[in-house]
Amino acid sequence: MATKQPLVLLVDDEHDLCVLMQMTLARMGIKTHIAHHLQQAKLFFSEHKYNACITDLNLPDGSGLDLVKHVTQNYPKVPIAVLTAYGNMEIAIASLKAGAFDFVNKPINQQHLHQLLTKALHVPLVDYSEDNLQLEHQLLIGESKPMLKLKDTIKKVARSQAPVFISGESGTGKDVVAHLIHKLSNRSDSPFVVINCGAISEELIERELFGYVSHSFAGATQDKLGLIQSANGGCLFLDEIAELSLTTQSKLLRALQEKKIRPLGSEQEIDVDFRIISATNQNLEERVQQGKFRQDLFFRIHVMDLHLPPLRERGKDILLLAEHFIKNICLEWDIPSKELAEESKRFLQNQSYAGNVRELRNMIERAITLCDGQIIGLEHLQYSQKRNFSAPLVEAPLNSESLSNTQESSNQIPSEGLEQFLEKVEKEVLLNALNQTHWNRTLAAKKLGMTFRSLRYRLKKFGLDSEDD
Ligand SMILES: Nc1ncnc2c1ncn2[C@@H]1O[C@H](COP(=O)(O)OP(=O)(O)OP(=O)(O)O)[C@@H](O)[C@H]1O
Ligand SMILES: [Mg+2]
C-alpha cells in the first residue's frame, strides 16, 4: 500500500451509507474522510493527500462524473471509483470512459468494496517504475508515431479496471498488447487467462468459460473450474470475440454486469473479479448491425478502445522489428547474429505486409534459415517471398478447374486411396488460399467460403497453425 494507513475520500449525500462504508474500510485498516457534496469533495482534495476516492454519481450540487474528471485531471495518480445504481451500465461505462478506476453497484456488496480497494490502493505502486518501461519496450517493438501514441494509451489503460477492446488486422500484435496491458496493470501478479473463442466449439465454450459441477451433463464426472473463475483477480483475454454465439454472449454479459457466474448445473452463484480484454480482427460494429453480436455486450466490452495500425502504416518500425526478430531468432537458435544488406532493408520497407508483423517475422525466419553467411541478402528474402507469397492477391481460380489441374487426370483412381488423396487436395487448396491472402486466415476463410472456425480446425488437422497461436 502507498502509505502505512491509506486515506480514502468517500463522497455521498446519504450519511448512513457513508458511515457504513467507513466502518467496512476501518476494518481493512483504511482511514476515511466523508464529503456530502461536490464542492466539499473538491475542497478536501485540495487540502489532503488521498490514496483513493469513492463517489456517488448524484450529488446535490452536481454530478460525480465532474469529480471523476476533476480528479483524473488534477490528481492523476489517485484512483477514483463510482457508485452506480444496480444495472445502470450506461452510467458505469461513461464513468470508466471519463477516467474512473472502477465502479461499485448499489446496494454495496462488502466483498466488492474490499476487492476494489485492494486493487485501487496498489495502483500508484505500478506503472511508473523503470522496470515497466523496460518491459513495454521489450515486448512491443515500435517507435513510429502511431505506436508511440498507442504505448502512451496502453500505460493509461493499464491503470484502470475498465474493459479493453483491441482491434486490428491479423498479425498486427493484438495478443502482444493484451499481454502487455496485463503485465503493466495492478493485476499482474494474478492470472492472465486466454481463451480463443474461434478455436473452441460452441458447445464447449460455455463449459470452459463458466465451469460445471459433476453430473451436469453426461461425461461430467467431476466439478470443473471455469476460465472466468481461474482468472479471478486477474485478466480474462477473449481472443476473436466476434466468434462467440449469441447465447454465450448473453451469459458473458451477465457475468460482466453482475460480477457473478453460475457454473453449469450449479444452483449457486459465485462472485468473480476479473478484468476483460477482448480482441478481434473482424469489424465488430458491422456484426452488431447484422444482429450477430449483441449491442449491449459491444458497449460493455468497448470501454477502452485500442486500435493496432497495419504494419504498412508504421514506417521505420518495419526495420526495427526486422532487426529485433533477427536478434531474437539467432539467439534462440544459438547461431551468430546476422545483418540486413542495404538492398534488403529497402526491399523490406517496400512490402505491403497483408499478414502484418506475423508475415514479417515469418519472412525473416525463412531468410535466416536460407542464409549461411552473416549478411541477409535480397535473394534470401525474395526466395521466401517467391515460394510463399508469389500468388497475386486477385481472385484466383480456386475452383474445379484448378482442382482438376492438381489431379492431373481426374478420371484416374489415386494410388494412395481416396481418403489420403482428398486430404492432399484439401491441404493444397488451403495452402493456396493462405498464400494468396498472405496468411491472413480471415480472408482465406472468406475465399474458401468457410467459417474462420472451420478453417482453424483444418489448419490444426494439417499442422499448419502457426506456432504463436
Ligand atoms: N510490436 C511488436 N513487437 C514485437 N513483436 C510483435 C509485435 N507485434 C506483433 N509481434 C509478433 O508478431 C506475431 C503476431 O502477433 P499477434 O499474435 O499478437 O497478432 P494478432 O494481432 O493477435 O493476430 P491474429 O489476429 O491473427 O490473432 C507474434 O509472433 C508477435 O510476437
Ligand atoms: Mg491474436
Side-chain angles (χ1 to χ4, degrees), residues 1-3 6-13 18 21 25 30-85 88-104 113 116-129 132-133 136 145-146 148-165 180-181 184-187 275 299-300 302-307:
M1 294 203 174
T3 57
L7 182 61
V8 171
L9 179 65
L10 305 173
V11 190
D12 199 314
D13 56 339
C18 287
M21 285 201 286
L25 268 55
I30 298 170
K31 216 171 127 189
T32 42
H33 286 167
I34 293 175
H36 291 308
H37 46 83
L38 183 63
Q39 290 313 325
Q40 193 183 14
K42 285 185 181 172
L43 182 71
F44 278 13
F45 256 101
S46 66
E47 292 172 345
H48 304 274
K49 272 189 139 181
Y50 292 108
N51 299 101
C53 172
I54 301 177
T55 181
D56 188 23
L57 282 174
N58 300 315
L59 299 169
D61 55 340
S63 160
L65 272 186
D66 287 342
L67 186 61
V68 171
K69 287 177 195 155
H70 177 77
V71 171
T72 314
Q73 243 173 34
N74 299 296
Y75 312 94
K77 290 191 182 182
V78 183
I80 173 164
V82 293
L83 298 168
T84 52
N88 194 341
M89 269 303 135
E90 271 166 44
I91 291 284
I93 289 173
S95 341
L96 291 174
K97 284 201 191 234
F101 164 76
D102 205 352
F103 62 91
V104 204
L113 195 62
L116 179 125
L117 280 159
T118 314
K119 297 251 141 53
L121 295 172
H122 274 88
V123 162
L125 295 182
V126 298
D127 195 9
Y128 302 103
S129 74
N132 280 332
L133 291 177
E136 177 192 318
K145 232 176 166 178
L148 288 180
K149 204 169 150 218
L150 181 80
K151 285 185 186 181
D152 203 41
T153 317
I154 288 174
K155 272 188 275 176
K156 287 186 193 141
V157 162
R159 300 182 66 232
S160 129
Q161 299 298 299
V164 184
F165 177 79
L180 183 61
I181 292 172
L184 291 176
S185 80
N186 56 340
R187 291 176 176 262
R275 183 184 195 185
F299 286 130
R300 188 68 187 87
H302 218 265
V303 177
M304 300 290 182
D305 204 347
L306 296 181
H307 179 70

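The model shown is predicted, which means the values in this text are computed figures rather than measured ones. Counting from 1, the numbers follow the sequence of the chain as shown.
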Sub-3.5 Å donor-acceptor pair from the side chain of Asn51 to the main-chain atoms of Leu7, do we have one?
->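 Yes: the side chain of Asn51 pairs with the backbone of Leu7.
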Taking Arg275 for the side chain and Pro163 for the main chain, is one N or O donor matched with an acceptor at less than 3.5 Å?
->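 Side chain of Arg275 to backbone of Pro163, a donor-acceptor pair under 3.5 Å: no, none is there.
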Counterpart residues, side-chain contact (heavy atoms from CB on, under 4.5 Å), relative to His36 (two or more places apart) =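 Applying side-chain contact (heavy atoms from CB on, under 4.5 Å) to His36 gives His15, Cys18, Ile34, Gln40.
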Test side-chain contact (heavy atoms from CB on, under 4.5 Å) applied to Thr153 - qualifying residues, sequence neighbours left out |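 Testing Thr153 for side-chain contact (heavy atoms from CB on, under 4.5 Å), a comparison that skips the adjacent residues, returns Val157, Leu306.
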Of all residues at least two apart in sequence or in a different chain, which pass the ring pair (Phe, Tyr, Trp, His ring centres under 6.0 Å) check with Phe165?
->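 Here the qualifying residues are His302.
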Side-chain touch [X]/[Y], heavy atoms, less than 4.5 angstrom:
{"X": "Ile30", "Y": "Leu121", "value": "yes"}
{"X": "His37", "Y": "Asp13", "value": "no"}
{"X": "Leu83", "Y": "Met21", "value": "yes"}
{"X": "Leu148", "Y": "Lys145", "value": "no"}
{"X": "Gln161", "Y": "Asn186", "value": "yes"}
{"X": "Leu113", "Y": "Leu25", "value": "yes"}
{"X": "Cys53", "Y": "Tyr75", "value": "no"}

Where is the tightest heavy-atom contact between Leu9 and Ala41, given as atom of each residue plus distance?
->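 Shortest heavy-atom contact: CD2-O, 4.0 Å.
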For the residue pair Ala120 and Ala52, what are the closest heavy atoms and their distance?
->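 Heavy-atom minimum between the residues: CB-CB, 4.3 Å.
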Within residues 53-69 or reaching into it, pairs that qualify as side chain to side chain donor-acceptor pair (under 3.5 Å) - sequence neighbours excluded |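 The answer is Asp56-Lys106.
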Which side chain to side chain donor-acceptor pair (under 3.5 Å) pairs, counting each pair once, include a residue from residues 93-104, with sequence neighbours left out?
->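 Matches after skipping sequence neighbours: none remain.
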Report the residues that fulfil salt bridge (Lys or Arg N to Asp or Glu O under 4.0 Å) with Arg187, sequence neighbours left out, ordered by chain and then residue number.
->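 Only Asp273 meet the salt bridge (Lys or Arg N to Asp or Glu O under 4.0 Å) criterion with Arg187.
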In Å and rounded to the nearest 0.5 Å, what is the [atom1] to [atom2] distance from [X] to [Y]?
{"X": "Phe101", "Y": "Thr72", "atom1": "CZ", "atom2": "OG1", "answer": "12.5 Å"}
{"X": "Leu180", "Y": "Leu150", "atom1": "CG", "atom2": "CG", "answer": "9.0 Å"}
{"X": "Phe103", "Y": "Thr84", "atom1": "CZ", "atom2": "OG1", "answer": "6.0 Å"}
{"X": "Ile181", "Y": "Lys156", "atom1": "CD1", "atom2": "NZ", "answer": "13.5 Å"}
{"X": "Leu65", "Y": "Leu38", "atom1": "CG", "atom2": "CG", "answer": "10.5 Å"}

Start with the C-alpha gap between Val78 and Phe45, add the side-chain angles, then the distance that decides, and say whether side-chain contact (heavy atoms from CB on, under 4.5 Å) holds.
-> CA-CA 10 Å; Val78 183; Phe45 256 101; 4.1 Å; yes
Is the His48 ring parallel, tilted or perpendicular to the Phe44 ring (thresholds 30°, 60°)?
->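 Because their plane-to-plane angle is over 60°, the rings of His48 and Phe44 count as perpendicular.
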